[in-house]
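Encoded as structure tokens, the structure appears first; notes follow it.
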Amino acid sequence: MDLISNLNNKQQEAVLNTEGPMLILAGAGSGKTKVLTTKVAYLIKEKKINPKNILAITFTNKAAKEMKERIYNAVGNDAFLIQISTFHSFGLKILKENYSLLGYKNNFTIIDSDDSLSVIKRIMKEFNIDTDKYSNKAVRNAISSNKNEIISPESFQKFVYTDFDDIVKKVYERYEQNLKINNSIDFDDLLILPIKLFKENPEILKKYQDQFKYVFIDEYQDTNKPQYILSKMIADKFKNITVVGDVDQAIFTWRGANYKNILNFEKDYKDAKLVVLDQNYRSTKTILEAANNVIKNNKERKEKNLWTQNEDGTKITYYKAFDENDESNYVVTEIQKLIKNKNVNPNNICVLYRANAQSRTIEEAFLINNIPYNIVGSYAFYNRKEIKDLLAYLKIVYNENDDTSFLRIINYPKRGIGSKSIENLSIKANKENKSLYEVIDSGKELEFKNIIESIKKEKDKLSLTELIDFILDKSGIKKSLENEKTLEADIKLENLEEFKSITHNFEEREGIVSLGEFLDELSLVSDVSDHKQNNEDKVTLLTMHAVKGLEYDYVFVVGFEEGLFPHSNSFNSSEELEEERRLCYVALTRARKKLYLINARSRVLYGKVSSNIPSRFINEIGNELLDEIGKKSVFVETKKINKNEMFNDDNDLHIGDMINHDKYGFGVVVSIDGSIATISFKKDGIKKLMKNHKSIRKV
């Protein structure tokens with residue numbers, strides 16, 4: 001009984017009831033992994049169950065490894081006899097043992113998502129499908145979605161309504177044929193094929209049911225349809241299935257997870273025992289009360305109220321910032337206080353945000369103030385591929401002889417310019433002692449050159465922010481990413497839109513439209529990014545989705561504004577709004593000691609200025625739990641930098657007008673093109689400026 005002596009009453013109940021179906025609703029920080037691993041160890045040590053009769057499934061290799069280590073510490077080498085793995089690893093085990101029944105040879109290979117995309121590209125080329133109209137990735141993702149709904153190419157026919165659906169069906173059929181001919185399977189097949197095997201061979205299913213008499217599924221709220229069916233099939237004979245999860249932490253429906261699997265567990269297993277683990281060992285009473293206040297507004301959930309014996313803790317600090325820069329500066333100032341005054345290790349601090357693009361202003365504030373940080377699940381803003389690609393376009397427009405930038409974008413988006421063409425250009429450039437751009441005179445390379453020339457022709461008529469839009473459209477980057485129809489592509493588009501916030505802020509601050517000066521300033525900021533690549537302790541920056549399963553002493557959650565969090569996409573759907581609320585619950589319950597919530601009255605995001613109202617989640621938390629700061633003092637102090645006051649309504653400038661500029665002094669208006677004035681200054685020569693900027697005064 002030593003195994004359970006350090007468990008609370010409900011945890012002991014979950015461990016000691018070993019027979020039959022059990023649903024363990026485990027709140028955040030309630031020790032679910034401890035309970036699950038202790039129950040497995042109890043079966044082996046106290047119930048004398050053969051470890052080979054136990055199947056334990058989780059979602060990541062890291063979680064499976066941790067589970068195995070904990071069980072090993074309790075039962076020793078018997079831990080290695082248990083099937084502890086991810087769903088995909090378990091599926092592979094079944095396929096390795098039964099490949100011939102599914103028509104495969106024993107040396108079948110598993111293709112990854114990149115290989116899968118290559119196969120689809122070849123098929124689409126074979127069918128002469130226009131990949132500008134129907135993106136390879138969009139077709140690949142549609143096929144994957146169908147496989148995960150267990151819809152075969154044949155049964156997909158009834159879902160064909162559009163030309164795109166017709167393309168998907170055609171490619172899907174050939175894709176499946178190709179895999180079979182190549183003796184290959186993809187990652188979706190690791191879940192789909194075992195189900196097919198069991199349906200066609202009941203005796204094989206019975207063999208696995210007899211082997212795995214005890215089934216454990218972790219993070220059950222994150223299971224998709226094939227995972228749900230597979231676990232149900234295996235456990236159907238003995239029904240000794242224990243699932244652990246929390247519907248309040250179901251935040252991955254966009255990845256195919258169906259949180260209703262956990263809500264329906266007691267319908268699937270009529271005699272299921274329910275154990276609610278609601279004692280939290282992680283957070284203060286204040287933090288838990290805030291999380292409970294938010295999540296109780298969801299209707300699609302199992303009733304549960306987290307509680308703790310931990311101290312009350314301090315109130316949640318709620319800072320109302322003026323804008324995103326004020327928000328970032330506040331976060332930096334508070335983190336500096338924690339590190340210097342309280343000796344807090346940066347590893348125990350994290351900053352959470354709803355959208356990846358929000359990290360940019362925070363990163364810049366960290367860089368300027370020399371606070372070491374680490375971005376989880378994402379690249380530092382200026383190191384992201386899409387941002388580097390856009391910068392390469394800007395550099396080529398500014399200096400066409402930049403061969404490094406040229407080589408980066410000559411075939412991005414795809415233009416059918418192969419390595420042979422580039423090799424020939426290089427030979428010619430070397431021979432003539434010219435840049436690659438200069439020696440282009442024919443072929444698809446000339447089409448690219450014409451795109452760049454057309455951008456150069458327009459650039460002097462556009463503001464920097466308008467130039468970004470023009471490049472994204474003219475180059476085909478925007479269309480290419482939109483056609484992918486993937487979450488990854490959507491994030492890239494968000495980041496490219498967020499780049500316009502940088503140009504917008506530059507134009508506002510300087511009142512100048514100079515691509516050269518902008519690139520100079522940017523190279524200095526982005527170059528600093530390399531300084532954090534060392535092993536020192538770092539503050540963690542990550543999205544609310546990426547923080548699932550992690551915990552920190554001090555948590556800053558930024559962007560608590562309607563339209564950003566909850567995201568505006570959720571406004572027309574009660575289901576999506578409930579998922580946003582679950583995301584909020586996850587974010588709040590990551591904090592052990594102290595929680596900071598920050599929003600901004602005004603924010604530049606994706607190149608647009610928005611005026612924001614506080615998130616509804618602030619009201620749901622309740623004023624009594626919040627220590628609200630940043631009211632009058634912040635707004636009085638920051639009023640002088642109000643963005644709306646950076647511009648005159650109209651300077652009424654005309655060609656020939658004499659002006660005085662705050663930075664460049666006396667000048668004469670040479671030309672006006674829309675919102676841009678070209679001005680000749682006595683000292684600094686010709687400059688292009690936003691004509692209604694406050695820095696300009698008519699003499």
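It should be emphasised that the depicted structure is a prediction, and the values quoted were computed from it without experimental measurement. Basis for what follows: all heavy atoms, side chains included, without hydrogens, waters or symmetry-related copies.
- Atom NZ of Lys456 has more than 12 heavy atoms from other residues, nucleotides or ligands within 6.0 Å.
- The closest donor-acceptor contact from the side chain of Asn483 to the backbone of Asp132 lies under 3.5 Å.
- Here Arg581 pairs with Glu620 in a salt bridge; the nearest charged N to carboxylate O distance falls below 4.0 Å.
- Remark: Asp130 CG is packed, more than 12 non-hydrogen atoms of other residues, nucleotides or ligands lying under 6.0 Å away.
- In this structure, Ile621 and Leu597 have side chains that are in contact, with non-hydrogen atoms separated by less than 4.5 Å.
- Between the Lys492 side chain and the Glu386 main chain, no donor and acceptor come within less than 3.5 Å of each other.
- Of all the heavy atoms in Val586 and Val547, the pair that sits closest is CG1-CG1, 4.1 Å.
- Under the 4.5 Å side-chain criterion, counting only non-hydrogen atoms from C-beta, Leu352 is not in contact with Tyr552.
- Annotation for Ser405 and Ile396: closest pair CB-CG1, 3.9 Å, computed over non-hydrogen atoms.
- A distance of 7.0 Å separates CD of Glu327 from CD of Gln358, quoted to the nearest 0.5 Å.
- Between Arg616 and Leu577, some side-chain heavy-atom pair lies under the 4.5 Å cut-off.
- Side-chain atoms of Asn399 do not come within 3.5 Å of backbone N or O of Lys395 as any donor-acceptor pair.
- For the atom pair Ile659 CD1 and Tyr664 OH, the distance stands at 11.0 Å (nearest 0.5 Å).
- Atom NZ of Lys593 has 12 or fewer heavy atoms from other residues, nucleotides or ligands within 6.0 Å.
- Here the CG atom belonging to Asn356 is positioned 12.0 Å from the CG atom belonging to Asp490, to the nearest 0.5 angstrom.
- Side-chain contact check for Ile417 versus Ile422: some heavy-atom pair is nearer than 4.5 Å.
- Around atom NZ of Lys315, more than 12 heavy atoms belonging to other residues, nucleotides or ligands sit under 6.0 Å away.
- Between Pro413 and Tyr393, the closest heavy-atom pair is CD-OH, 3.8 Å.
- Aromatic rings of Tyr596 and Tyr319 (six-membered ring for Trp) have centroids beyond the 6.0 Å cut-off, not under it.
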Does the pair Asn293 and Glu624 meet the rule for a side-chain contact (heavy atoms from CB on, under 4.5 Å), with working shown? CA-CA 12 Å; Asn293 286 352; Glu624 66 282 359; 4.3 Å; yes
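- Taking every heavy atom of both residues into account, Glu438 and Ser435 meet most closely at OE1-N, 2.9 Å.
- Between the side chain of Ser680 and the main chain of Val670, no donor-acceptor pair closer than 3.5 Å is present.
- In this structure, Ser573 contributes its side chain and Ser570 its backbone to no donor-acceptor pair below 3.5 Å.
- With hydrogens and angles ignored, the 3.5 Å screen pairs no side-chain donor or acceptor of Asp323 with any backbone N or O of Arg601.
- Defined by atom type and a distance below 3.5 Å, a donor-acceptor pair is missing between the side-chain atoms of His545 and Thr543.
- Among Asn599, Asp627, Asn623, the single residue meeting the side-chain hydrogen bond (donor to acceptor under 3.5 Å, both in side chains) criterion with Tyr318 is Asn599.
- Using a 4.0 Å cut-off between a side-chain N of Lys or Arg and a carboxylate O of Asp or Glu, Glu334 and Lys594 do not qualify as a salt bridge.
- Cation-pi geometry between Lys385 and Tyr412 is met: the NZ or CZ atom falls under 6.0 Å from the ring centre, inside 45° of the normal.
- Between Lys663 and Lys687 the shortest side-chain heavy-atom distance does not fall below 4.5 Å.
- In this structure, CD on Glu561 lies 12.5 Å from CZ on Phe617, to the nearest 0.5 angstrom.
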Would Val351 and Ile335 satisfy side-chain contact (heavy atoms from CB on, under 4.5 Å), going step by step from the backbone distance to the final call? CA-CA 10 Å; Val351 182; Ile335 287 175; 4.1 Å; yes
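- Not a single salt bridge (charged side-chain N to carboxylate O under 4.0 Å, His left out) links Arg415 to another residue, sequence neighbours left out.
- Side-chain contact between Lys428 and Asp441 is present, with at least one heavy-atom pair separated by less than 4.5 Å.
- Lys479 has no carboxylate O lying under 4.0 Å from a charged side-chain N of Glu482, or vice versa, which leaves the two without a salt bridge.
- By the ring pair (Phe, Tyr, Trp, His ring centres under 6.0 Å) test, Phe448 is found to be paired with Phe406, residues two or more places apart in sequence or in another chain being considered.
- Using a 4.5 Å heavy-atom threshold, the side chains of Glu628 and Lys320 count as touching.
- Ion pair Asp389/Arg408 flagged as a salt bridge, since at least one NZ, NE, NH1 or NH2 atom sits closer than 4.0 Å to an Asp/Glu carboxylate oxygen.
- Between the Asn347 side chain and the Lys538 main chain, a donor and an acceptor come within less than 3.5 Å of each other.
- Between Ile679 atom CD1 and Met658 atom CE the span is 13.0 Å, to the nearest 0.5 Å.
- Not a single donor-acceptor pair under 3.5 Å links the side chain of Asn369 to the backbone N or O of Ile371.
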After noting the C-alpha distance and the side-chain angles of Leu583 and Phe565, does the key distance pass the side-chain contact (heavy atoms from CB on, under 4.5 Å) rule? CA-CA 9 Å; Leu583 194 57; Phe565 187 52; 4.1 Å; yes
Listed pairs under 3.5 Å, donor-acceptor, residues 463-478 side chains, sequence neighbours left out:
unit_1, atom_1, unit_2, atom_2, d
Ser463, OG, Glu466, N, 3.1
Ser463, OG, Glu466, OE1, 3.4
Thr465, OG1, Thr503, OG1, 2.9
Thr465, OG1, His504, N, 3.4
Thr465, OG1, Glu507, OE1, 3.0
Glu466, OE1, Ser463, N, 2.9
Asp469, OD1, Lys500, NZ, 2.9
Asp469, OD2, Lys500, NZ, 3.3
Ser475, OG, Ile471, O, 2.6
Ser475, OG, Ile477, N, 3.2

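- Although no hydrogens or angles enter the test, the distance criterion places no donor-acceptor pair under 3.5 Å between the side chain of Ser610 and the main chain of Asn612.
- The two residues Val439 and Ala429 have their closest heavy-atom pair at CG1-CA, 3.9 Å.
- At a cut-off of 3.5 Å, with distance as the only test, a side-chain donor of Glu453 or Tyr437 sits close to an acceptor on the other residue.
- Considering every non-hydrogen atom in both Asp537 and Pro372, the closest pair reads O-CG, 3.2 Å.
- Counting heavy atoms from C-beta on, the side chains of Glu576 and His567 never come closer than 4.5 Å.
- To the nearest 0.5 Å, atoms CG (Leu542) and CZ (Arg590) are separated by 10.5 Å.
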